[in-house]
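Below is one structure, written out as structure tokens; the observations come after it.
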Amino acid sequence: MRLSRLALATTKETPADAEIVSHQLMLRAGMIRRLGAGLYTWSPLGMRVLRKVEAIIRAEMAAIDALEILMPAVQPAELWQESGRWQAMGPLMLRMTDRAEREYCFGPTHEEVVTDYIKRDVRSYKQLPLTVYQIQTKFRDEIRPRFGLMRAREFIMKDAYSFHMDEAGLDREYQAMRGAYARILDRMGLDYRVVAADSGAIGGAKSEEFHVLAHSGEDELAVASEGGYAANIEAAVTRAGDGPRAAPGAALKKIDTPGVTTIAGLAEHLKVPERATAKAIVVMGESGDPVLLMLRGDHTLNAIKAEQLPGIAAPLTMADEATIRNHFGAGPGSLGPVNATVEVIADHALANAADMVVGANYDGAHFTGFNWGRDHPEPRFADLRNIVAGDTSPDGQGTIDILRGIEVGHVFQLGDKYSRALNLTVLNESGAEVVPQMGCYGFGVSRVVAAAIEQCHDDAGIVWPAAIAPFELVIVPIKADKSQAVRDACEALYGELKAAGVDVAYDDRGLRPGPMFADAELIGIPHRIVVSDRGLEAGRLEYKGRADAENSDVAHDIDAIRDRIGHR
RNA sequence: CGGGGCAUGGCGCAGCUUGGUAGCGCGUCUGCUUUGGGAGCAGAAGGUCACAGGUUCAAAUCCUGUUGCCCCGACCA
């Protein structure tokens, strides 16, 4: 590609409304342009990257015999009403009406459509297992789109769906897809982790997420130093407090803590570590009465765990101050289990704790020396908290470290949730109708482009992994308009590299060297060859890898260049 | 949805408090010079100051409303 024909649109200045590096660099490199909130146009340069990502995905899908299809982006409401998700999806779904007042949505996902599609053509167990996928534009009306492509409303996703006669078949395909996702990210050269995940609204049993590691990642991942345990912090289970509970060593004693309403303040006031205190959080129960949740002072509540507990209302709702005062006679910041009239559920880290500091249910007062059993009946203990760095891994092997990641893939074992709702059945060997098991497997195509940049950049711009770079190599001429020799050498080199199958860019824009170098670095081309009279006279070309600190020489020879850039 | 902010040439911004000819940097175009890290000189184009009302002799500037966008939070296959 001659860069004079690419409609490159790089900028020196960073657009004001871009917060994170990938968004800034994609705008500066001219890969994308914003149309509206969460809506982006892909430029010719951006498309080159997108197509390379798609090609890798298609190759790995083909390798596990997944079949590509393309379903409509616009979907009739009826299907969603059948599955019950027309209501459940709520405002996340962009809805529209046609001229005949029929209702549609712009698909946020395709479980319903794919199940309906399979239902029409699959009748017999002989046709299963079957895995189909598409690379499609989705729309989710996120409450707050942000970070450019990282959380766009319209985005490109590869979504795959598998159908099986039984759970064993589903599990096999799940493992195959999991392997394919790992190979996709391996080929892209990205540092990632596979973690256990919460299934969320989509339902189903087993699910894992693929996260590209990056400091700007929105998700926190709990990863064990040994033994391989890894989970999204939302789903990471914690261990109960180790060892037996110490016998009470202090009497329950009420102390004045005027103005102290936070754990930090309490620890400071009493000169005790935060972990010696217990915090109280009041949430609404299913019955309508509040429930008191107790956590160790230095721990935080995991809302997903809490709302999954029987007796607690989902979605998790914090009690308002009036409700709290009504039941406890004190405000938030001074609450505790002593004489509480509501159900108490304590995090199991507190199961073996003794002589705790807790709120007194009087404003401006706390108790020291609080002990379960003696000062309040034994509560229900449950896993309520977020795991933290330094915790022992749930499987007992190693300690937990917290990493940040960008979710680019999610694999689910759905079971029969959708096949049953949409009446998908096939006949088994004995002629009986069976509801197939389903898996679904999402991969964020546009998001992984942004994630790659988050992981691979420096001060000058993007440092693409070779497999998804817009070009493999760029030829930069010096003083081309003065030197016929330079022009001829560039043209010859360009032609030969192209013929050799190298994805080569030739910067024939006639710019000065500075801007050409800056653009090549900004858009992140992995390899650069500079052609100058100086080098030509010596029979050498100048080479620099995008991540290299220094230039080096390479012989003026196609094979030498291919060798240097590791082509084929 | 709650809270905060912004809207002035393609991009980044000043001007608004105290109403009176719309400005700067970058970019773009032309010419000459220049050519190993975002060149210099000379010239030029380009703006219904988000939109709609209002106040005023006069509104980018003051008032009211609307829209769009950004940030924090909740939300999120």
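Residue numbers begin at 1 in each chain, while the letters A, B, ... track the order of the sequences.
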Practice problem: Starting from P on B:rC72, measure out to CD1 on A:I20 and report it in whole angstrom. | Solution: 11 Å

Exercise. Quote, to the nearest angstrom, the P distance that separates B:rA22 from B:rA45.
Key: 15 Å

Quiz item: What is the base-pairing partner of B:rG2, counting Watson-Crick and G-U wobble geometry with both distances under 3.5 Å?
Solution: B:rC72

Quiz item: What is the nucleic acid contact for A:Y161, judged by heavy atoms within less than 4.0 Å: base, sugar-phosphate only, or nothing?
Solution: base

Quiz prompt | Closest-nucleotide ordering on RNA chain B, the 5'-leading residue of A:G442 and A:R528 | solution = A:R528

Quiz item: Among A:L185, A:N232, A:L403, which one satisfies side chain to side chain contact (heavy atoms under 4.5 Å, CB included) with A:R193?
Solution: A:L403

Quiz item: When rounded to the nearest Å, what value does the distance between C1' atoms of B:rA58 and B:rG20 take?
Solution: 7 Å

Exercise. Look at all strands and tell whether A:E407 reaches a base, only sugar-phosphate, or nothing, counting heavy atoms closer than 4.0 Å.
Key: sugar-phosphate

Exercise. Provide, to the nearest angstrom, the distance between the CG atom belonging to A:L541 and the P atom belonging to B:rG36.
Key: 18 Å

Quiz item: Atom NE2 of A:H23 and atom P of B:rC70: how far apart are they, to the nearest Å?
Solution: 8 Å

Exercise. Examine distances only and state if a side-chain atom of A:H215 and a backbone atom of A:E454 form a donor-acceptor pair shorter than 3.5 Å.
Key: no

Quiz prompt | A:T11 backbone acceptor or donor facing A:R28 side chain under 3.5 Å | solution = yes

Quiz prompt | RNA chain B contacts made by residues 144-153 of chain A, counting heavy atoms under 4.0 Å | solution = A:R144, A:R146, A:R151

Quiz item: Which whole number of Å gives the distance between the C1' atom of B:rU56 and that of B:rU64?
Solution: 16 Å

Exercise. Would you mind classifying the nucleic acid contact of A:A37 as base, sugar-phosphate or nothing, using non-hydrogen atoms under 4.0 angstrom?
Key: sugar-phosphate

Distances under 3.5 Å between nitrogen or oxygen atoms of protein and nucleotides 10-13 of chain B:
from	atom 1	to	atom 2	distance (Å)
B:rC11	O2	A:E13	OE1	3.4

Practice problem: Both distances under 3.5 Å, Watson-Crick or G-U wobble: report the partner of B:rC49, or none. | Solution: none

Quiz item: Taking only residues two or more places apart in sequence or in another chain, which ones pass side chain to side chain donor-acceptor pair (under 3.5 Å) with A:Q484?
Solution: A:R487, A:D488

Quiz item: When we call it a touch if two heavy atoms are under 4.0 Å apart, what does A:H110 touch: a base, just sugar-phosphate, or nothing?
Solution: base

Exercise. Tell me which of A:M157 and A:E19 sits closer to the 5' end of RNA chain B, going by the nucleotide each one is nearest to.
Key: A:E19

Quiz item: In the structure shown, which nucleotide is the Watson-Crick or G-U wobble counterpart of B:rU34, with both distances under 3.5 Å?
Solution: none

Quiz item: Who passes side-chain contact (heavy atoms from CB on, under 4.5 Å) against A:E19, sequence neighbours left out?
Solution: A:F147

Quiz item: In the strands shown, is B:rG12 matched to any nucleotide by a Watson-Crick or G-U wobble pair with both distances under 3.5 Å, and which?
Solution: B:rC24

Quiz item: Is A:R447 close enough and on-axis enough to A:F155, meaning under 6.0 Å and within 45°, for cation-pi?
Solution: no

Strictly under 3.5 Å: I want the nitrogen or oxygen pairs between protein and nucleotides 27-35 of chain B, one per line.
from	atom 1	to	atom 2	distance (Å)
B:rU34	O2	A:R512	NH1	2.8
B:rU35	O4	A:D481	OD2	2.5

Quiz item: In whole Å, what is the span from the CD atom of A:E218 to the P atom of B:rA74?
Solution: 11 Å

Quiz prompt | Shortest side-chain distance from A:A518, nucleotide among B:rA74, B:rG36, B:rG38 | solution = B:rG38

Quiz item: Using atom P of each nucleotide, how far apart are B:rU55 and B:rU48 to the nearest Å?
Solution: 25 Å

Self-check item: Rounded distance in Å between the C1' positions of B:rC49 and B:rA14
Solution: 13 Å

Practice problem: For A:E173 and A:Y441, test the side chains for any donor-to-acceptor distance below 3.5 angstrom and give the result as yes or no. | Solution: no

Practice problem: Compute whether any side-chain donor of one residue and acceptor of the other, for A:E111 and A:S83, lie under 3.5 angstrom apart. | Solution: no

Practice problem: Anything under 30° is parallel, anything over 60° is perpendicular, the rest tilted; go ahead and classify A:Y494 against A:Y506. | Solution: tilted

Quiz item: With both distances kept under 3.5 Å, what pairs with B:rA60, Watson-Crick or G-U wobble?
Solution: none

Quiz item: Between the side chain of A:R546 and the main-chain N/O of A:E521, is any donor-acceptor distance below 3.5 Å?
Solution: yes

Quiz item: For the residue pair A:Y181 and A:F210, does the interplanar ring angle fall in the parallel (under 30°), tilted (30 to 60°) or perpendicular (over 60°) class?
Solution: perpendicular

Quiz item: Expressed as a whole number of Å, how far does the P atom of B:rC24 sit from that of B:rU33?
Solution: 29 Å

Exercise. Take atom CG of A:D320 and atom P of B:rG2, then tell me their distance rounded to the nearest Å.
Key: 18 Å

Quiz item: With distance as the sole test, does A:Q455 use its side chain to make a donor-acceptor pair with the main-chain N or O of A:L213 at under 3.5 Å?
Solution: yes

Quiz item: Rounded to the nearest Å, what distance is computed from the CD1 atom of residue A:I143 to the P atom of nucleotide B:rA74?
Solution: 11 Å

Quiz item: Does the side chain of A:H299 pick up a donor-acceptor pair with the side chain of A:K279 at under 3.5 Å?
Solution: no

Quiz prompt | For RNA chain B, the residues among residues 27-34 of chain A that have a non-hydrogen atom under 4.0 Å from it | solution = A:R28, A:R34

Practice problem: Might you confirm whether atom CD of A:Q308 has over 12 heavy atoms from other residues, nucleotides or ligands at distances under 6.0 Å? | Solution: yes

Self-check item: B:rG47 to B:rU8 separation - P atoms, rounded to the nearest Å
Solution: 15 Å

Practice problem: Could you please name the partner base of B:rU17, counting Watson-Crick and G-U wobble pairs only when both distances are under 3.5 Å? | Solution: none

Quiz item: Once you round it to whole Å, what is the distance between C1' of B:rA74 and CE of A:M318?
Solution: 11 Å

Quiz prompt | Distance, C1' atom - from B:rG5 to B:rG9, rounded to whole angstrom | solution = 24 Å

Quiz item: Among A:D347, A:N386, A:L293, whose side chain to side chain contact (heavy atoms under 4.5 Å, CB included) with A:L301 holds?
Solution: A:L293

Quiz item: At under 4.0 Å between heavy atoms, what does A:V476 touch on the DNA or RNA strands: base, sugar-phosphate, or nothing?
Solution: nothing

Exercise. Verify, without hydrogens or angle tests, whether A:N551 (side chain) and A:K544 (backbone) share a donor-acceptor contact under 3.5 angstrom.
Key: no

Quiz item: Can any side-chain N or O of A:Y543 pair as donor or acceptor with the backbone N or O of A:I561 at less than 3.5 Å?
Solution: no

Quiz item: B:rA39 C1' sits how many Å from A:F517 CZ, rounded?
Solution: 15 Å

Practice problem: For B:rA7, give its Watson-Crick or G-U wobble partner with both distances under 3.5 Å, or none. | Solution: B:rU67

Quiz item: Is there a Watson-Crick or G-U wobble partner for B:rC29 with both distances under 3.5 Å, and which nucleotide is it?
Solution: B:rG43

